[in-house]
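I have placed the structure first, in the form of structure tokens, so that the comments after it can refer back to it.
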Amino acid sequence: MTKSLPANLQLHNHIIHSLISTENFTLTYLAHHCLLKHPVLIREYFPRDLAERQDNGDLIPYPTHLESFQRGLKQFIHEGAELAQLHHPHLITLQDAFLAHHTAYWVLQYQTGRSLAQVLTHNNTATTAETHQVLHVVLDIFKLLHQQQHFFRTLHPEMLFLTDHGQHILLMELGNTRNCLTSSLETQLSSYTAPELIIGPWSSFYSLASLAYHLVTGQAPVPTNQRLAQIQQGHSDPLIPLTRLAPRTYPKLFLKALHWALLLPLQDRPQTLEIWQKSLFPTPLTTRLFKATTRILTTLSLLIILILIGCGPLAWQQTHLFRHIQQHILSIEREYQKQHSIRLSQIKNQQQQATDHLYQLLTHPIPSIPNVVTPIKYTPLSIQPTLTLAAHDQGICVEDCLTFNRKGDLLGVGSWDHTVSIWRIPQGTLLKKLLGHTQPVLSVAFSPNQQILISGSADHELKFWEVGTGKLIKTWIEPGTWVSTLNFNFNGLQLAHEADHQQIRLWQFESLQKKNYSILLENHRSVINTLCFSPDGQWLASGDAEGQVKLWQTATGQLYRSWQEDRQDIFALNFSPNAQWLAAAGAGGSLRIWEIASGQLLKAWQGDQDWILDVEFEPTAGQWLVSGGKEGNLKFWESTTGRSLQVLPYPTEINSLHFSPTGEWLAVGGKDGQVRMWKNVNYLHVSR
């Protein structure tokens with residue numbers, strides 16, 4: 001049993017009356033202000049699986065969970081600060097916060113009522129009207145929070161509070177601390193938790209739809225981790241659709257919209273609040289308009305005209321008029337079809353012209369790379385970067401969102417703010433801002449001949465931009481995938497990117513004007529996080545969310561060999577300049593190097609305590625490599641031994657890093673949207 005604070009205890013400026021609810025990581029007390037004499041609710045950070053209370057009231061974390069406790073405490077304090085700045089009629093008002101007993105407390109406005117979890121325990125299900133009320137309220141809160149880029153991965157019934165008689169619904173927390181401590185919470189919580197690590201609107205919809213599933217059926221949906229496990233084992237999804245369980249009082253369209261948000265692949269769920277809200281609650285007018293047809297409208301028009309002219313005695317006049325109207329309508333239809341045919345022909349010609357232009361740009365001769373002076377000694381880099389680019393308002397995305405052109409004088413950057421920027425180096429001037437994507441840009445790459453910049457986005461689109469003009473030449477839609485990773489082969493005639501259903505699409509630009517100019521590489525069992533061509537163009541390496549690394553022959557598309565990395569996400573792969581080694585980094589914080597020819601693991605070591613999000617060999621000789629990730633340090637390593645050469649502190653999480661082709665520049669992008677660059681990196685030489 002959780003040990004709570006005793007009644008009549010003075011806590012800060014408040015006197016505790018009683019414990020009124022126990023959640024998984026908090027306790028909520030009824031109290032009153034000593035001076036103002038008004039009642040309040042006090043929420044205490046107390047993760048019951050991570051700490052215990054001493055007789056003096058202090059919370060003492062278990063030694064094995066000290067780090068988790070402190071991380072959750074920090075997040076609880078931060079969440080309170082966020083909550084205090086938000087104002088919405090259905091958000092609980094945070095009046096104060098303070099530290100005591102080695103933990104933190106929120107002082108909340110006083111309300112009488114019960115959490116939604118308590119209501120469900122007592123009533124089992126909700127009525128149709130109550131379910132709709134909860135959805136309307138939470139969706140309205142989402143409008144405010146999504147504007148602040150705050151999304152929910154978990155929306156548990158404990159988080160919603162119903163005042164007496166259900167007159168008002170309040171959201172009691174933002175869920176940040178709950179997400180931080182997910183691993184320490186009850187298994188039941190995974191029923192309301194979106195499966196992905198990249199959180200967005202789609203995650204909020206999944207958690208809200210899970211909560212609605214409970215309201216409708218009286219039971220929580222199958223835990224997310226169980227659904228994933230069943231599907232990975234080749235079984236069907238164990239989640240029973242709402243259309244088979246819900247009472248008949250619920251419209252089928254409403255139930256189907258809920259099930260849409262419960263699909264496991266995040267790209268298959270609704271992507272915007274407006275789209276999902278219209279699916280849940282379509283207006284009668286919209287429904288009627290969808291059912292209308294051109295034939296009905298035409299018939300009604302004819303009837304109205306006949307009624308207006310009246311039914312005279314001369315039937316032949318009416319027949320003549322009717323035929324005249326029919327002929328007029330037919331002439332209008334023929335003219336429309338003619339114009340439509342002309343327009344289709346124009347569009348087809350424009351598409352062909354764009355394809356021809358794209359092919360000409362891609363087959364343009366590839367410029368040579370300048371000769372590189374071999375480094376002669378080890379010179380540590382300065383802590384201060386040579387150049388800092390205030391590139392974007394939001395973060396630089398993970399691993400594939402920085403790219404140099406072959407000459408090394410242009411840098412392309414992709415960001416969560418949906419844009420791509422191109423910078424002149426070393427001047428650090430912004431040349432172009434490319435607008436067109438409607439979701440975060442997750443990958444960018446220059447073609448080897450410097451004529452094209454391609455970008456991939458969570459909006460399922462690949463866009464080809466002409467570098468010289470910034471003009472959008474062509475857009476390819478790749479349904480079912482985020483296009484979170486893409487890469488050009490060294491000859492510029494092959495492009496690989498993540499495709500749907502754990503596949504890789506390999507484009508052959510030599511046959512761009514033919515219908516079938518791509519092949520699918522199929523062998524991964526999970527989402528593909530990273531792709532990388534070898535410098536000689538013979539190999540394509542890929543890494544996925546289950547820790548598998550695969551090596552493909554680019555000439556045939558055949559799988560050559562596979563490696564397994566402890567079943568943890570692989571976020572980055574990179575070949576050595578001579579294409580003999582392959583480095584991998586991922587969620588476990590480890591770095592590994594394999595030999596291509598033998599397939600043997602040459603070296604493995606722990607590079608970080610947290611996720612490593614990118615790793616790259618120095619591109620001239622491959623004597624050393626650099627890594628960065630959530631820990632926020634830029635680390636340099638000797639390739640053959642794993643020996644640490646230098647650690648540079650970085651002010652934010654490192655999401656992406658990239659060398660210029662000669663190794664002269666190292667660009668590093670982080671969560672703050674800035675790109676910091678160091679020059680003369682090729683002088684960082686390993687001396688023994």
Side-chain angles (χ1 to χ4, degrees), residues 375 378-405 407-417 419-434 440-446 453 455 571-572 574 583 585 591 607-608 610-620 624-637 644-685:
Y378 168 68
T379 305
L381 294 180
S382 168
I383 294 178
Q384 295 299 323
T386 311
L387 184 63
T388 299
L389 310 177
H392 292 271
D393 297 331
Q394 298 181 30
I396 311 301
C397 296
V398 172
E399 198 238 348
D400 275 341
C401 273
L402 294 176
T403 179
F404 278 99
N405 67 344
K407 190 177 178 181
D409 63 345
L410 295 180
L411 176 71
V413 185
S415 169
W416 274 80
D417 65 8
T419 69
V420 179
S421 57
I422 301 178
W423 300 80
R424 175 73 68 186
I425 306 300
Q427 293 84 356
T429 54
L430 177 64
L431 294 184
K432 293 178 178 65
K433 199 85 162 183
L434 307 179
V441 176
L442 304 177
S443 50
V444 291
F446 279 107
L453 176 68
S455 57
F571 290 129
N574 192 249
L591 289 165
D608 267 355
D610 212 329
W611 293 359
I612 298 178
L613 298 175
D614 208 352
V615 63
E616 281 210 10
F617 280 100
E618 172 269 320
T620 59
W624 52 273
L625 50 88
V626 60
S627 66
K630 292 180 71 66
E631 188 178 291
N633 288 319
L634 197 60
K635 298 186 177 182
F636 299 84
W637 313 90
S644 177
L645 300 176
Q646 186 178 5
V647 177
L648 285 180
Y650 199 81
T652 183
E653 295 179 9
I654 296 173
N655 289 345
S656 190
L657 49 87
H658 196 60
F659 282 105
S660 61
T662 63
E664 182 182 16
W665 286 96
L666 172 63
V668 183
K671 195 176 180 180
D672 60 359
Q674 295 191 2
V675 178
R676 295 169 178 84
M677 303 181 66
W678 282 264
K679 191 179 181 182
N680 294 329
V681 185
N682 53 355
Y683 292 111
L684 185 66
H685 180 70

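Predicted, not measured: the structure shown is a model, and the values here were computed from it. All heavy atoms count here, side chains included; hydrogens, waters and symmetry mates do not.
For Thr403, there are no side-chain hydrogen bond (donor to acceptor under 3.5 Å, both in side chains) partners two or more places apart in sequence or in a different chain. Partners of Asp417 by salt bridge (charged side-chain N to carboxylate O under 4.0 Å, His left out), not counting sequence neighbours: none found.
To the nearest 0.5 angstrom, Lys433 atom NZ is 4.0 Å from Thr419 atom OG1. Expressed to the nearest 0.5 Å, how far NZ of Lys679 lies from OG of Ser382 amounts to 14.0 Å. The CD1 atom of Ile654 sits 12.5 Å away from atom CD1 of Ile396, with the distance rounded to the nearest 0.5 Å. Interatomic distance, Leu389 CG to Ser421 OG, rounded to the nearest 0.5 Å: 8.0 Å. We find the NZ-CG distance between Lys630 and Asp608 to be 11.5 Å, quoted to the nearest 0.5 Å. Rounding to the nearest 0.5 Å places CG of Asp400 at 7.0 Å from OG of Ser656.
More than 12 non-hydrogen atoms from other residues, nucleotides or ligands lie less than 6.0 angstrom from CG of Leu431. For CG of Asp393, the number of neighbouring non-hydrogen atoms (other residues, nucleotides, ligands) closer than 6.0 Å is 12 at most.
In this structure, Ile612 and Lys635 have side chains that are not in contact, with every pair of non-hydrogen atoms separated by 4.5 Å or more. Contact annotation: the side chain of Ser644 approaches that of Trp637 to within less than 4.5 Å [non-hydrogen atoms, C-beta and beyond]. Residues Leu410 and Arg424 meet the side-chain proximity criterion, which asks for heavy atoms closer than 4.5 Å. With a 4.5 Å cut-off on side-chain heavy atoms, Val615 and Phe571 do not count as touching. At a threshold of 4.5 Å between non-hydrogen side-chain atoms, the residues Pro385 and Met677 do not count as touching.
The aromatic rings of Phe659 and Trp624 sit perpendicular, their planes meeting at an angle over 60°, well past the 30° parallel limit.
Of all heavy-atom pairs between Leu402 and Gly669, the closest is CD1-N, 3.5 Å. Residues Ser627 and Leu591 approach most closely at OG-CD1, 4.1 Å, considering heavy atoms. In terms of heavy-atom proximity, Gln674 sits nearest to Ala390 at CG-CA, 4.3 Å. Nearest approach of Gln394 to Trp416, heavy atoms of both residues: OE1-O, 3.4 Å. Minimum interatomic distance between Val441 and Cys397 (heavy atoms only, all atoms of both residues): O-SG, 2.9 Å. Residue Ser415 comes nearest to Gly395 through the heavy atom pair OG-O, 3.0 Å, listed as atom of the first residue, atom of the second, then distance.
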Steps toward side-chain contact (heavy atoms from CB on, under 4.5 Å) verdict (Leu381, Leu648): CA-CA 8 Å; Leu381 294 180; Leu648 285 180; 4.1 Å; yes
Before giving the answer on side-chain contact (heavy atoms from CB on, under 4.5 Å), spell out for Leu387 and Trp423 the whole-Å C-alpha distance, their side-chain angles and the decisive distance to 0.1 Å. CA-CA 12 Å; Leu387 184 63; Trp423 300 80; over 6 Å; no
Go through it in stages, so that I can follow the logic: the residues are Leu634 and Trp678, the test is side-chain contact (heavy atoms from CB on, under 4.5 Å), and I'd like the CA-CA distance, side-chain angles, deciding distance and then a yes or no. CA-CA 11 Å; Leu634 197 60; Trp678 282 264; 4.0 Å; yes
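Side-chain atoms of Tyr650 never come within 3.5 Å of backbone atoms of Gly628 as a donor-acceptor pair (strictly under, hydrogens ignored). Under the 3.5 Å distance criterion, the side-chain polar atoms of Asp614 are left unmatched by any main-chain donor or acceptor of Ala572.
With respect to Trp665, the side chain to side chain contact (heavy atoms under 4.5 Å, CB included) criterion is satisfied by exactly one of Asn680, Asp409, Thr386, Val681: Thr386.
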